[in-house]
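See below for the structure under consideration.
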Amino acid sequence: MHTRHFVLTLDGGIREFTAEQAALVAAGSEPLPEFADRRVRYLQVTVDDENGSELRIQTAGAAIEFDHSGKMTQAGPPAADEQISRFEHDAVVQWAIKNIPNAAPTFH
């Protein structure tokens, strides 16, 4: 099982962070100046492929805020106007499982 961390950028992109980077950002130890004074959407994807016959995926979304220097100051549920779209969600999940052999997810 592994967890991957993604930020949906203001320009419509997707940026991935390692678990170590995500922990440092969350602790305020690693500023992200490109997000200074911004609020962006975050998606965490946990993939469990240890069963061998079944791929399990869990996702969680949030909105994260940064101060003037790019240090994360707050995380919480996205506001009504910043919800993660179905397309964004599915694109991030596809990215998260792209290197897993025979992973052909079906979305419901």
Side-chain angles (χ1 to χ4, degrees):
M1 179 168 22
H2 58 281
T3 301
R4 298 180 68 178
H5 307 270
F6 301 89
V7 167
L8 302 173
T9 64
L10 301 171
D11 63 357
I14 299 170
R15 182 165 167 197
E16 184 173 4
F17 293 87
T18 66
E20 294 79 20
Q21 289 172 319
L24 290 171
V25 169
S29 302
E30 184 171 317
L32 299 173
E34 65 270 32
F35 298 128
D37 292 321
R38 305 274 186 200
R39 183 173 164 99
V40 295
R41 295 166 303 147
Y42 164 82
L43 190 62
Q44 176 179 298
V45 180
T46 301
V47 179
D48 181 356
D49 60 342
E50 295 174 5
N51 184 335
S53 65
E54 183 177 60
L55 185 63
R56 293 182 183 197
I57 299 170
Q58 285 187 296
T59 60
I64 53 179
E65 291 184 30
F66 296 87
D67 69 10
H68 64 280
S69 66
K71 284 187 180 182
M72 193 179 108
T73 58
Q74 183 170 291
D81 65 340
E82 55 187 10
Q83 294 295 311
I84 297 168
S85 74
R86 179 77 176 192
F87 175 79
E88 292 168 323
H89 177 272
D90 291 355
V92 170
V93 169
Q94 289 283 343
W95 182 263
I97 65 170
K98 70 180 171 44
N99 292 324
I100 297 175
N102 301 319
T106 303
F107 298 102
H108 303 284

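- With values rounded to the nearest 0.5 angstrom, His89 atom NE2 is found 12.0 Å from Gln83 atom CD.
- Hydrophobic clustering (side-chain heavy atoms under 4.5 Å, transitive across Ile, Leu, Val, Met, Phe, Trp, Tyr) groups Phe66 together with Leu10.
- In this structure, CD in Gln58 is found 9.0 Å from CD in Gln44, a value given to the nearest 0.5 Å.
- In this structure, CG on Asp37 lies 10.0 Å from CD on Glu65, to the nearest 0.5 angstrom.
- Distance check: Asp67 CG to Gln74 CD gives 11.5 Å after rounding to the nearest 0.5 Å.
- Arg4 is not listed as a side-chain neighbour of Val47, based on a closest heavy-atom distance of 4.5 Å or more.
- Note: the hydrophobic cluster containing Ile14 also contains Ile57 (ILVMFWY, side chain heavy atoms under 4.5 Å, direct or indirect links).
- Phe35 and Leu8 are members of different hydrophobic clusters when ILVMFWY side chains are connected at heavy-atom separations under 4.5 Å.
- Distance NE2/His5 to OG1/Thr46: 7.5 Å, rounded to 0.5 Å.
- Side-chain contact between Thr59 and Phe6: absent, with no pair of heavy atoms (C-beta onward) separated by less than 4.5 Å.
- Heavy-atom minimum distance, Ser69 versus Pro31: O-CB, 3.7 Å.
- Side-chain contact check for Glu16 versus Gln21: every heavy-atom pair is 4.5 Å or farther apart.
- Counting heavy atoms from C-beta on, the side chains of Trp95 and Val45 never come closer than 4.5 Å.
- Under the 4.5 Å side-chain heavy-atom criterion for Ile, Leu, Val, Met, Phe, Trp and Tyr, Phe17 and Val93 are members of distinct hydrophobic clusters.
- Inter-residue side-chain proximity for Thr9 and Val40 is flagged as unmet; no heavy-atom pair is nearer than 4.5 Å.
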